[in-house]
Amino acid sequence: MPQVTLTVNGQTHTAEVEGRTLLVELLRETLRLTGTHVGCDTSQCGACVVHINGESVKSCTTLAVMANGANVTTIEGLAKADGTLHAMQEAFREYHALQCGFCTPGMVMSAIDLVQKHPEGLTEQQIREGLEGNLCRCTGYHNIVKAIAAAAEVMHGKRSEIARAAE
Amino acid sequence: MTTGVPVPHDNALAHCTGAARFADDLPEPPGLLHAALVLSPVAHGVLGAIDAPPGVIVLTARDVPGTNDISASGKGGEPLFAEASVQHHGQPIAMVLAETRDAALRAAAAVRCAISPLPALLDMEEAIARESFLMPPQVVARGDAASAIGTAPLRAEGTFRAGGQEHFYLESQVAIAVPGEDGEIAITSSTQHPTEVQHIAGRVLGIDYTRLPVTCRRMGGGFGGKESNASWIAAAAALGAWRTGRPVKLRLARKADMAATGKRHPFLFRWRAGFDASGRVLGLEATLAADGGHSLDLTPGVVFRAITHALNCYDVPAVRITAMALRTNTVSHTAFRGFGGPQGVLLMEDVIRGVARGTGLAPETVRERNFAGGPNDTLTPYGQALEGDLIRRVWAECRQDAEWDRRRAEIAAFNATHPFIRRGLGSFALAFGISFGVRHLNQAGALVHVYTDGSIRLNHGGTEMGQGLNVKVAQVVAESFGVPLDRVRITATSTAEVPNTAPTAASTGSDLNGWAAHRAATTIRGRMAEVAGALWEVPAEEVRFAEGRVFVARPGDNRAMGFADLAHRCWMERVSLSATGFYRTPDIHWDPATMTGEPFFYFSYGASVAEVAVDLLTGEHRVLRADLVQDCGRSLNPAIDRGQIEGAFVQGMGWLTCEELYWDAEGRQRTLGPSTYKIPGSRDVPPVFNVRLLQDAPARQDTIFRSKAVGEPPLMLATAVWNAILDATGLDRIDLPATPDRILTALSARGS
């Protein structure tokens, strides 16, 4: 069986996997990082999004061996060791950008990549377009878009902390 | 006050960090077997031999020790695994168990079932012609509709269809069954109805409910899809555990979930109406036919809600509405947010447009002319009063929010100049009855413990699927004890803690469980007040609880102590700090013989205006703006309620515009994943989305802190989008979902 060595949330792991083992299976079943979810099995819903070398990928259609040597970040690796949340996590909480929460980890990971790719700033329309690969069945996306806009301001240094939601 | 405050969902932090555990995230018990289902590849046939590859554990109907019946009604006709025949494409025939999920899925795919195909009944018209009914047709009638139509100055009629809807909860169905001592099997289920999981598993295994404790911490979405369907998933896992003596997990792949679990009922509508030149509807005859699929499931309740909501918030003096439940060779359709209500309220929309065409009036004028109350009757045809003032209030406020008149002019100017984009405005108003149509389900229980450090453990019979039920009930309990919300700990729903519960459905979760928890809390608070009163030598009624403290409500009397100190003192005084609370909805009744009564505790009101832009060359459309006003009474949590309204509207919009289920000519379901079944994405929602809770409108009935239910009603507010599409295109009628190809086909037929 192939062996993969990868860094996940700052920790290096080596594991024997089958060639067909998916990255999400390695994360959830071997490493017990169950914050990354599988929603549709076919890379449309985005519940499984993680970062590989800082870029968002759908881990349900990425082979574990493709992450060999890579730096992987999952939802569990975003907050600092002292519990300080990433601005995107803080914004999702503040803006009620979740209901059942199943899509939230993938949504947060996609949103961070989206914001990072747009240092010039993002319009609401760009956020809506950028989120196309992540499905949410509960919220209607309204608060998700607002949360990402608020987090982007902090990530881009335009504000020092997440603006309070209107209500 | 902890109610009425927009506090975040109790799990918000855990979801944002990945710490919240869904059923499939729980550590797997040692020896766990993974299960996978073998589903029927055909819609109808005689089932013969089932051949499995060697060395694979396969369970079929023959392995069921109890009764092979998963019917929610208990009336039978709904097997866990097919026996002599298969009745729909995707019907479970067998279950395979293996050491890994991958092995189970592969083994299930290798199982061969000999099936001699039979003709499949798929079409609703054909089902009506053959009288293929799941139950006798139901009729709600008042006056002589036929002669009212016959003598009316003007007449119109119509036929249209609305499609079904896949729930597409992001977390697919999942259950884990773990054998314990003495024949016990503990079940963890993603379910809206833990008690029914217990009942169905008990029936399938033929064992007492006491041996089947069921737990649900949370669901990754439910929407009705985990009301009855979760029960058979869990029963199958329990059967695996019972047969092997090992823990079993059954988590459906998305494709299997979409094939094997029920959906919203497709409906066929036929009506004829008589009206006058002022737009007043004088008589209406209508038939609403629901496609129930191959078995009964919850169809009687869906039909009941459709027929009681067919006039929505409108008054028609003479009316006769017939509702049918058709039996076809499709998956058994089930609960879906609104439960027949969303289909029922479509009827008057088509009638209103027909009357508008017949009179030359605007549909909005026809609405106003026919609202219940005011100059019209307030009673529904089944005899329950609507609140005409609230209908008019949400309607007027929504029209004002939407700047209707200004935008009408603006849109007309735009349409006059653009070569192929047409914008349109549509409206909608709603009266939605709150309570389960089945009277006995309108009950709830709660269990509250206060510990000697003043922390409070809350358990109730409702389930959390993202709707924020737990935080709302915790807010109620915190307010009852006068403590900060963080003193209340929310725990997993468990049949071992609160038994014999109703499903979390029909929008009633916080109404029922909020009251039950309030009663448990006030029982304990009363005992604590007695202890404090005895200490301070004042009547217990003068002891107050607020801001985490307990004090004497007397001017100049400054005696007080912390809530935790009093809890500890109660323990020292040997006073119980644990109580159950129970609630049943008062004053609801229904007579099925006459189809009359007052089945709802109250009505929830709402109104909406939507603007769309339609491309006449492609049929594609976008919702540009939506304005909603929703009556939530005195909201327990405005942030949670707003989220429900936004999400429900978008889900309703999906049902009406882009979510199309497709069965091929052989009855095979062809929309088994998000690549072929389109739910709304982030780009599909209105960029201008104004949602407002009706202000200063506490519930008039004795609801918990005068709040109102919110789960389902706003889904129907999306109906305004349908009207807006018709306004934009000038089409008379379009079946639902109003997909681009359906719009384009209709436009081509008109020859525009």
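Computed from a predicted structure; not experimentally measured.
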Val650(B) vs Arg137(A) side-chain heavy atoms within contact, under 4.5 Å: no
Is any side-chain heavy atom of Phe223(B) less than 4.5 Å from a side-chain heavy atom of Cys138(A)? yes
For chain A, which candidate among Ala648(B), Ser675(B), Gly673(B), Pro686(B) shows the most heavy-atom pairs at distances under 4.5 Å? Ser675(B)
For a salt bridge (Lys or Arg N to Asp or Glu O under 4.0 Å) check, start with the C-alpha distance between Arg20(A) and Asp102(B), then their side-chain angles and the critical distance, and finish with the verdict. CA-CA 10 Å; Arg20(A) 62 202 303 280; Asp102(B) 189 51; 2.5 Å; yes
Taking atom CZ of Arg625(B) as the centre, does the number of heavy atoms from other residues, nucleotides or ligands within less than 6.0 Å exceed 12? yes
From Thr17(B) OG1 over to Leu78(A) CG, what is the distance, rounded to the nearest 0.5 angstrom? 9.5 Å
Heavy-atom distances under 4.5 Å only: say whether Val7(B) touches chain A with side chain, backbone, both or neither. backbone
Does Cys136(A) reach the side chain of Leu170(B), with side-chain heavy atoms less than 4.5 Å apart? no
Thinking salt bridges, do Arg683(B) and Glu124(A) make one under a 4.0 Å N-O criterion? no
Looking at Ala20(B), Ala19(B), Pro27(B), which makes the most heavy-atom pairs under 4.5 Å with chain A? Pro27(B)
Measure the CZ-NZ distance between Phe689(B) and Lys146(A) for me, rounded to the nearest 0.5 Å. 10.5 Å
List in chain and number order the residues that pass side-chain contact (heavy atoms from CB on, under 4.5 Å) with Val115(A), two or more places apart in sequence or in another chain; answer none if no residue qualifies. Met88(A), Leu122(A), Ile148(A), Ala152(A), Met155(A), His156(A)
Hey, which of Cys100(A), Pro105(A), Ala79(A), Cys45(A) has the most heavy atom pairs under 4.5 Å with chain B? Cys100(A)
Top residue by heavy-atom pair count (under 4.5 Å) with chain A, among His9(B), Met465(B), Glu171(B)? Glu171(B)
Heavy-atom contact with chain B under 4.5 Å, split by part of Phe102(A): both
Min side-chain heavy-atom separation Arg642(B)-His96(A) under 4.5 Å: no
Between Leu98(A) and Asn11(B), is the side chain to side chain contact (heavy atoms under 4.5 Å, CB included) condition met? List the steps. CA-CA 9 Å; Leu98(A) 59 92; Asn11(B) 293 143; 5.9 Å; no
Could you tell me which of Arg106(B), Glu28(B), Met258(B), Gln644(B) has the largest number of non-hydrogen atom pairs under 4.5 Å with chain A? Arg106(B)
Do Ile144(A) and Ser682(B) have side chains that approach each other closer than 4.5 Å (heavy atoms only, starting at C-beta)? no
Who wins among Val145(A), Leu135(A), Val108(A) for the most heavy-atom pairs under 4.5 Å with chain B? Leu135(A)
Of all of Gly468(B), Ser172(B), Gly220(B), Gly681(B), which one pairs up most often with chain A through heavy atoms under 4.5 Å apart? Gly681(B)
Checking Leu26(B) against chain A: side chain, backbone, both or neither under 4.5 Å from a heavy atom? backbone
Write out, in numerical order, the residues from residues 23-44 of chain A with a heavy atom short of 4.5 Å from a heavy atom in chain B. Arg28(A), Arg32(A), Thr34(A), Gly35(A), His37(A), Val38(A), Gly39(A), Cys40(A), Asp41(A), Thr42(A), Gln44(A)
Side-chain (Gln99(A)) to main-chain (Gly643(B)) donor-acceptor, under 3.5 angstrom: yes
Pair count under 4.5 Å, heavy atoms only, with chain A: among Cys16(B), Gly647(B), Gly18(B), Gly221(B), highest is Cys16(B)
